[in-house]
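Structure, as structure tokens:
First listed ligand is number 1; within each ligand, the first listed atom is number 1. Fair warning: this is a prediction, and the values are worked out from it, not measured in the lab.
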Amino acid sequence: MTARTIDGKALAARIHAGIARRVKSLQDRGVTPGLAVVLVGDDPASAIYVRNKVRACEAVGIRSFLVQLADNTSRATLLGRVAELNADPGVHGILVQLPLPRHLDAREIVDAIAFDKDVDGLHATNAGLTLLGRPRSRSCTPYGVMMMLESIPYPVQGCDAVLIGRSNMVGKPMAMLLLAANATVTMCHSATRDLAAVTRQADVLVAAAGRRNLVTADMIKPGAVVIDVGTNRTPEGKLCGDVDFAEVREIAGWISPVPGGVGPMTVAMLLVNTVEAAERSIGTSPQGPWLAESDPSAAVAAPR
Ligand code: NAP
């Protein structure tokens, strides 16, 4: 069996089309959604992520505000800039690009963002609301993974879902969203005793460890859905995930590639969260679902 590919790039393009329509509708009511992206320091990978987010905003009509600060920016200065953005009515979403330089406490900075402008979904209030099953801004990467699962004819309800990774950004919110979709969820981490034995039970496997080739064919249940969140580099510098794609696709039923899988979906969901924050700012309840309102003729999953 050769797995079918879940094409995150194509799916993200469908969602972007829906976002552009919602932005237009907001503009007709006098509101242009605004996203402020705060970049501290000169980490090259962060600079690329930020550039992609700014470009994605421009493509759908969201106004972007790039706040670039030096590597040695003090805690007080950064908190001051976040407070200014919190108070700016033209800014509906704020994202502080992580990781921050070592002298800054990411948790403190993220929690300083007004929670209704936290479009990364990482503020303690948004994390808590997700835990309670009442999500507002969902953490972008897990939200994107849920959309990928929604896009394929595979029932998440009742399935055994296994996560590799328990970070606050990916693993934990992913578990909550899968649980809310009625999956039976198991979380693995670096102290899990027999990782392969657990992953072989997975109908849906989400790999988010940040370890190249961690997931091999012998760890996969035949026909399983495998979503690869990892972003790593090969020794030659090529982008790759946590899953050995070439061998796992021979066993799995569905698989997401890296690049072109979860990455574009994370950006798409950031835009979704920004538009929804702008809609809430004028008292409009965000109306889903994002996939249904997009072009149904666009191909999402194609046999490889
Ligand atoms: P993280 O904070 O470093 O967390 C990694 C998690 O994986 C930890 O819970 C760790 O366990 C677990 N882990 C590490 N090695 C393991 C192993 N050998 N077996 C089982 N579990 C293991 O990373 P993150 O922020 O969650 O990100 C995970 C990966 O996703 C990274 O590659 C990151 O770059 C990528 N990512 C991609 C996107 C995207 O848009 N594509 C977005 C976010 C993150 P412990 O808790 O025990 O240490």
Side-chain angles (χ1 to χ4, degrees), residues 6-9 11-12 15-16 37 43-53 55-56 95-100 102 105-107 110 119-122 127 130 137-149 161-178 185-202 205-216 218-220 226-234 237-245 255-273:
I6 307 176
D7 184 342
K9 209 170 158 193
L11 186 58
I15 293 171
H16 285 187
V37 181
D43 175 58
S46 292
I48 292 170
Y49 291 140
V50 163
R51 196 178 61 213
N52 290 343
K53 288 166 187 173
R55 279 190 187 153
L95 174 153
V96 175
Q97 183 65 42
L98 302 178
L100 287 171
R102 278 169 185 270
D105 176 355
R107 175 43 60 201
V110 168
V119 284
D120 236 356
L122 301 178
T130 299
S137 250
R138 295 164 179 84
S139 182
C140 299
T141 300
Y143 192 10
V145 171
M146 292 309 294
M147 288 291 214
M148 292 167 92
L149 293 173
V162 173
L163 314 179
I164 309 178
R166 57 173 165 183
S167 70
N168 291 334
M169 188 190 294
V170 185
K172 286 176 192 161
M174 187 76 253
M176 291 308 124
L177 296 182
L178 283 164
V185 181
T186 304
M187 297 182 75
C188 303
H189 43 75
S190 61
T192 296
R193 227 176 267 146
D194 186 348
L195 183 64
V198 183
T199 60
R200 273 195 293 270
Q201 305 303 313
L205 176 64
V206 180
R211 301 278 182 273
R212 182 168 70 94
N213 287 344
L214 174 68
V215 179
T216 46
D218 57 308
M219 298 167 72
I220 304 298
V226 179
I227 307 276
D228 193 352
V229 176
T231 45
N232 312 297
R233 294 274 167 191
T234 65
K238 236 180 104 205
L239 191 64
C240 67
D242 289 354
V243 176
D244 185 330
F245 186 86
I255 189 167
S256 74
V258 177
V262 173
M265 288 301 293
T266 297
V267 177
M269 303 330 288
L270 172 69
L271 305 183
V272 161
N273 282 340

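- Regarding atom 27 (O) of ligand 1, its nearest protein heavy-atom neighbour is V170 CG2, 4.2 Å.
- Within the 4.0 Å heavy-atom criterion, the part of T266 lying near ligand 1 is the side chain and not the backbone.
- D242 places a side-chain N or O within 3.5 Å of a backbone atom of A209 that can act as its donor or acceptor partner.
- Protein heavy atoms are found less than 4.0 angstrom from atom 45 (P) of ligand 1.
- Atom 11 (O) of ligand 1 has S190 N, 3.2 Å as its closest protein atom, hydrogens excluded (heavy atom only).
- D244 contributes no side-chain N or O that, together with a main-chain N or O of V215, makes up a donor-acceptor pair within less than 3.5 Å.
- When hydrogens are left out, the protein atom nearest atom 42 (C) of ligand 1 is T141 OG1, 3.1 Å; that is the closest non-hydrogen contact.
- In this structure the side chain of M146 never reaches within 4.5 angstrom of the side chain of R138, judged on heavy atoms.
- Heavy atoms of R211 found under 4.0 angstrom from ligand 1 belong exclusively to the side chain.
- Among I220, T216, L163, L205, the one residue that satisfies the side-chain contact (heavy atoms from CB on, under 4.5 Å) test with T199 is L205.
- If you check each of T231, L239, D242 against atom 34 (O) of ligand 1, the one with the closest non-hydrogen atom is T231.
- Rounded to the nearest 0.5 Å, atoms NZ (K9) and CG (L11) are 13.5 Å apart.
- Checking side-chain atoms of S167 against main-chain N and O of V170 turns up a donor-acceptor pair under 3.5 Å.
- The contact set between ligand 1 and G263, taken as ligand atoms under 4.0 Å from a residue heavy atom, comprises 40 (O), 41 (N).
- Nearest to atom 28 (C) of ligand 1 by heavy atom, out of S167, A208, G241, is A208.
- Counting only heavy atoms from C-beta outward, the side chains of L195 and L214 approach each other to under 4.5 Å.
- Residue nearest to atom 17 (C) of ligand 1, selected from V198, T199, L214, V206: L214 (by heavy-atom distance).
- Summary of contacts: the protein heavy atom closest to atom 9 (O) of ligand 1 is R166 N, 2.8 Å.
- If you check each of G165, G230, G261, G144 against atom 6 (C) of ligand 1, the one with the closest non-hydrogen atom is G165.
- Near I164, meaning under 4.0 Å from one of its heavy atoms, ligand 1 places the atoms 20 (C), 21 (N).
- Considering only non-hydrogen protein atoms, atom 16 (C) of ligand 1 sits nearest to A209 CB, 4.0 Å.
- Of the protein's heavy atoms, H189 C, 3.1 Å lies nearest to atom 21 (N) of ligand 1.
- Closest protein heavy atom to atom 31 (C) of ligand 1: G210 CA, 3.7 Å.
- With a heavy-atom cut-off of 4.0 Å, V258 does not touch ligand 1 at all.
- Residue contacts with ligand 1 include V229, since one of its heavy atoms falls under 4.0 Å from the ligand.
- Side-chain contact check for R107 versus V110: some heavy-atom pair is nearer than 4.5 Å.
- L122 is listed as a side-chain neighbour of L98, based on a closest heavy-atom distance under 4.5 Å.
- Judged by distance alone, with hydrogens and angles left aside, the side-chain atoms of S139 form a donor-acceptor pair with the main-chain N or O of M169 at under 3.5 Å.
- A donor-acceptor contact shorter than 3.5 Å links the side chain of S256 to the backbone of D228.
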